[in-house]
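In the text below, chain A, chain B and the rest are named by the order of the sequence lines, each starting its count at 1. As a basis for the values below, the full set of heavy atoms in this structure was taken, side chains included, without hydrogen atoms, waters or symmetry mates. Since the model is a prediction, treat every value here as computed from it, not as a measurement.
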Number of protein chains: 2
Amino acid sequence: MIGAVRRALRLQDVAEAAGVSLATASRSLSGSNGVSPALAARVRAVADELGYVANIHARSLAGGSTSSIGLVVHEIGDPYFTEIAAGVMDVGEQHGLMVQVRQTRRDPDHELAQIRALVANRVDGILIAGSGYVDPRAEQAVRRQLEAFRSAGGRVAVIGRHHLGVDAVLPDNIAGGRTIAEHLLELGHRRVAILAGSRGLTTIADRLAGIAEAVEAAGGAPEDWPVIEAAFTRQGGKDAALRLLDDRADVTAVIALNDDMAIGALSVLRASGVSVPGDMSVAGFDDIEVATDIAPSLTTVRLPMREMGELALSLALSAPAARPRRRTTGHQLMVRDSTAAPRSQAV
Amino acid sequence: MIGAVRRALRLQDVAEAAGVSLATASRSLSGSNGVSPALAARVRAVADELGYVANIHARSLAGGSTSSIGLVVHEIGDPYFTEIAAGVMDVGEQHGLMVQVRQTRRDPDHELAQIRALVANRVDGILIAGSGYVDPRAEQAVRRQLEAFRSAGGRVAVIGRHHLGVDAVLPDNIAGGRTIAEHLLELGHRRVAILAGSRGLTTIADRLAGIAEAVEAAGGAPEDWPVIEAAFTRQGGKDAALRLLDDRADVTAVIALNDDMAIGALSVLRASGVSVPGDMSVAGFDDIEVATDIAPSLTTVRLPMREMGELALSLALSAPAARPRRRTTGHQLMVRDSTAAPRSQAV
DNA sequence: ATGAAAGCGCTAACAC
DNA sequence: GTGTTAGCGCTTTCAT
């Protein structure tokens, strides 16, 4: 070890140490041909010895692509997004792309800031995985930013219903909502509470719409199914469940609009001595991995999150189309232990 | 909107549109003084109008810092790391730093690649949050890379016991292991199985050491407590629990060396008709958020993950010390519903 | 208060 | 097969 240097090594340092020119050093390290294999190997050894790592800023400024793409999610620790991210990273790896994940925490300002940061980084593509907003104006600033990015050659795709005019992977939210409501209706439930995130999110709006369709189709009135709005998180599920118990609404089942809320609700119900599914059925949405490991295991609608991530990156990477493309996913009802016929009927 | 441009906007474009020089445009956007407020405001308006975002590569190449720091974790979806990341991001936000999170998936090669990517990005600091390896040679390459990074002015800190010669936040793994073992011993358990991750990780080694201390102090033989090694994940917990059931070892309790493994084990035990804590007590480690929401709620050792993240970034940001600093954390036993006296004794 | 010009470290023509 | 050199887009002296 030589004593402390005051700045990072440059390619020039490597070139000098190896006794070659800058260009030769560059070619040796990038693996492009035009250098004798022996020389190239020696240069690489010297670089390695020195602990040299090329400055990506200089490289990207001189050359072209950063070989990286950005993924914008609501919450980095949310399993829904984790599985999407896994899909994105898989496809990314196949294409030699590094994926950087950014979180918005469901704050539109923060979202815009993260997207700008990705643009500043000159990533090759931007994927937005969070829900869109029902109000198109909420996405105005993001839309303009993305338009500038795309006109400069950047690739963009979103997962979910947005008003961004770009390629989209559309989760089966409406049909999924219909399916889970039908499941409870078939079990005999007639009045079901819905624990929802903000209605301003298209994901929520769509899942609610699907549920309403099923209720109407069964001859019921959607208004009779109370919607309790809270944060779209485990804590939100707890809050909503507490409010539900307070209201003593005469519901026999609960649909949480994602599994995390469902897990929060289960926790509160257990603490309150409400047995599931005996006294109350609970259904979730998404089928995150842990849904099968909790007690009782959670009846839910499976969305293919991983594939959604794969699909989104594939869309972004494929040749741009004249008009925005849409890919829809399927869904699957996973019946487990948290739902059953209502007690009155079961007896 | 003007038609498609072929490349990203440059500061030059903004300067021309605003009718000023490049230098004035730069100063206006960076907020440095020497520009009349009115002019600066106009330039900013023009930039905004155009959707201009400065190229961070050019900026960092010309000026200095990237105002970003890198956080290296094992698994991005692991709640343990999510909470650490939250702490890091909080402190980062206070300092105007963007945090980019990278995952190693517990693959040393991948880890090195991610660290090199961070160095290439010329982040201001690198935080490593995963466990270290018991074998110092496993960290040799990373150590050398970090030395080069630091000698170029980069800041580094780690969470966990590593052989990297840098500032470190040391989780209370040994004492925590002792505490959880003491808890089970006090309940009357004499033979406890341990579901562990790879023994090559210092985290595992330390937690096991703490448990062994407690067993010896109680006059027992640590060898009598079988250690079942599996992946340090929920799935690993399931695998280990299945092997335990196969062996029909006469244990009355299980310690999983993290909560995720404990949750996997609980799932398998439930599926096999083993009641917890009736037939078998189960304890975890870490106290991830969901530990209180599952059924039965999980007895575990709480580590202050969030504070560990905050502390790590604070260490990295503070003036470099001549010798590596160490900060130790506390821990706290959280007794919940998953542990009880063994049946023979309870009767 | 504003502008002109010199780099930052690298890649990719372009010489030889 | 190897070396020389002109930028990439920005910040920052240094002039004015």
Side-chain angles (χ1 to χ4, degrees), chain A residues 5-44 46-47 50-67 116 119-124 148-149 152-153, chain B residues 5-44 46-47 50-67 116 119-123 148 152-153:
Chain A
V5 204
R6 258 311 81 203
R7 67 163 174 196
L9 290 165
R10 293 160 309 160
L11 185 53
Q12 180 72 53
D13 301 321
V14 175
E16 281 168 12
V20 297
S21 75
L22 201 57
T24 299
S26 171
R27 286 191 273 253
S28 302
L29 296 183
S30 72
S32 58
N33 48 11
V35 191
S36 74
L39 219 201
R42 213 188 63 207
V43 173
R44 274 196 298 271
V46 169
L50 262 38
Y52 169 77
V53 178
N55 183 329
I56 204 173
H57 304 299
R59 173 173 281 174
S60 120
L61 199 52
S65 122
T66 54
S67 288
R116 289 177 61 95
V119 173
N121 272 281
R122 297 297 188 268
V123 293
D124 300 325
F149 178 68
Chain B
V5 205
R6 258 314 76 205
R7 68 163 174 195
L9 289 165
R10 293 161 309 158
L11 185 53
Q12 180 72 51
D13 301 321
V14 176
E16 281 168 11
V20 298
S21 76
L22 200 58
T24 300
S26 171
R27 286 192 271 252
S28 302
L29 296 184
S30 72
S32 58
N33 47 12
V35 190
S36 73
L39 218 201
R42 215 190 63 209
V43 174
R44 273 197 297 270
V46 169
L50 261 39
Y52 170 77
V53 178
N55 183 328
I56 203 173
H57 303 299
R59 174 172 278 176
S60 119
L61 198 53
S65 121
T66 54
S67 288
R116 289 177 62 95
V119 173
N121 273 280
R122 295 299 188 265
V123 293

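- Contact check, A/Tyr52 against C/dC10: a side-chain N or O comes under 4.0 Å of OP1 or OP2.
- Separating the CG atom of B/Asn121 from the C1' atom of C/dG9 is a distance of 15 Å, rounded to the nearest angstrom.
- Shown here for B/Leu29 and B/Ala47, the closest heavy-atom pair between the two residues is CD2-CB, 3.9 Å.
- Inter-residue side-chain proximity for B/Arg122 and A/Ile56 is flagged as unmet; no heavy-atom pair is nearer than 4.5 Å.
- Protein atom CG of A/Leu29 is 12 Å distant from nucleotide atom C1' of C/dT11, rounded to whole Å.
- Side-chain contact between A/Thr66 and A/Asn121: absent, with no pair of heavy atoms (C-beta onward) separated by less than 4.5 Å.
- Residue pairs that meet the salt bridge (charged side-chain N to carboxylate O under 4.0 Å, His left out) test with at least one member in residues 9-32 of chain B, sequence neighbours left out, are B/Arg10-B/Asp13.
- Side chains of B/Val14 and B/Leu9 form no contact here, defined as non-hydrogen atoms less than 4.5 Å apart.
- Atom-to-atom, CD of A/Gln12 to P of C/dG7 comes out at 15 Å; the value is rounded to the nearest Å.
- Counting to the nearest Å, the C1' atom of C/dA13 and the CG atom of A/Asn33 are 15 Å from each other.
- Here the side chain of B/Ser26 is nearest to one of C/dA1, C/dC10, D/dT11, namely D/dT11.
- Close to C/dA12, at under 4.0 Å from its OP1 or OP2, lies no side-chain N or O of A/Ser32.
- Remark: C1' of C/dC8 and CD1 of B/Ile56 are 15 Å apart, rounded to the nearest angstrom.
- Minimum interatomic distance between A/Val35 and A/Ser32 (heavy atoms only, all atoms of both residues): CG2-O, 4.3 Å.
- Comparing the helix axis at one end of the helix from C/dA1-D/dT16 to C/dC16-D/dG1 with that at the other, each defined from 5 consecutive pairs, gives an inter-axis angle of 40° (nearest 10°).
- Closest non-hydrogen pair, B/Ala17 versus B/Val46, comes out as CB-CG1, 3.7 Å.
- B/Leu11 is listed as a side-chain neighbour of B/Ser26, based on a closest heavy-atom distance under 4.5 Å.
- Summarising the geometry, atom CZ belonging to A/Phe149 is positioned 13.5 Å from atom CZ belonging to A/Arg116; distances are rounded to the nearest 0.5 Å.
- Nearest-nucleotide mapping onto DNA chain C: of B/Ala58 and B/Gly34, the residue sitting toward the 5' end is B/Gly34.
- In this structure, the CZ atom of B/Arg59 is 5 Å from the P atom of D/dT11, given to the nearest Å.
- One atom, CZ of B/Arg10, and another, C1' of D/dC8, lie 10 Å apart when rounded to the nearest Å.
- One interatomic measurement links the two molecules: NE2 of B/His57 to C1' of C/dG9, which rounds to 13 Å at whole-angstrom precision.
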Give each protein N/O atom lying under 3.5 Å from an N/O atom of nucleotides 3-7 of chain D, with the pair distance.
{"unit_1": "D/dG3", "atom_1": "OP2", "unit_2": "A/Ser21", "atom_2": "N", "d": "2.9"}
{"unit_1": "D/dG3", "atom_1": "OP2", "unit_2": "A/Ser21", "atom_2": "OG", "d": "3.0"}
{"unit_1": "D/dG3", "atom_1": "OP2", "unit_2": "A/Thr24", "atom_2": "OG1", "d": "2.5"}
{"unit_1": "D/dG3", "atom_1": "N7", "unit_2": "A/Arg27", "atom_2": "NH2", "d": "2.7"}
{"unit_1": "D/dG3", "atom_1": "O6", "unit_2": "A/Arg27", "atom_2": "NH1", "d": "3.1"}
{"unit_1": "D/dG3", "atom_1": "O6", "unit_2": "A/Arg27", "atom_2": "NH2", "d": "3.0"}

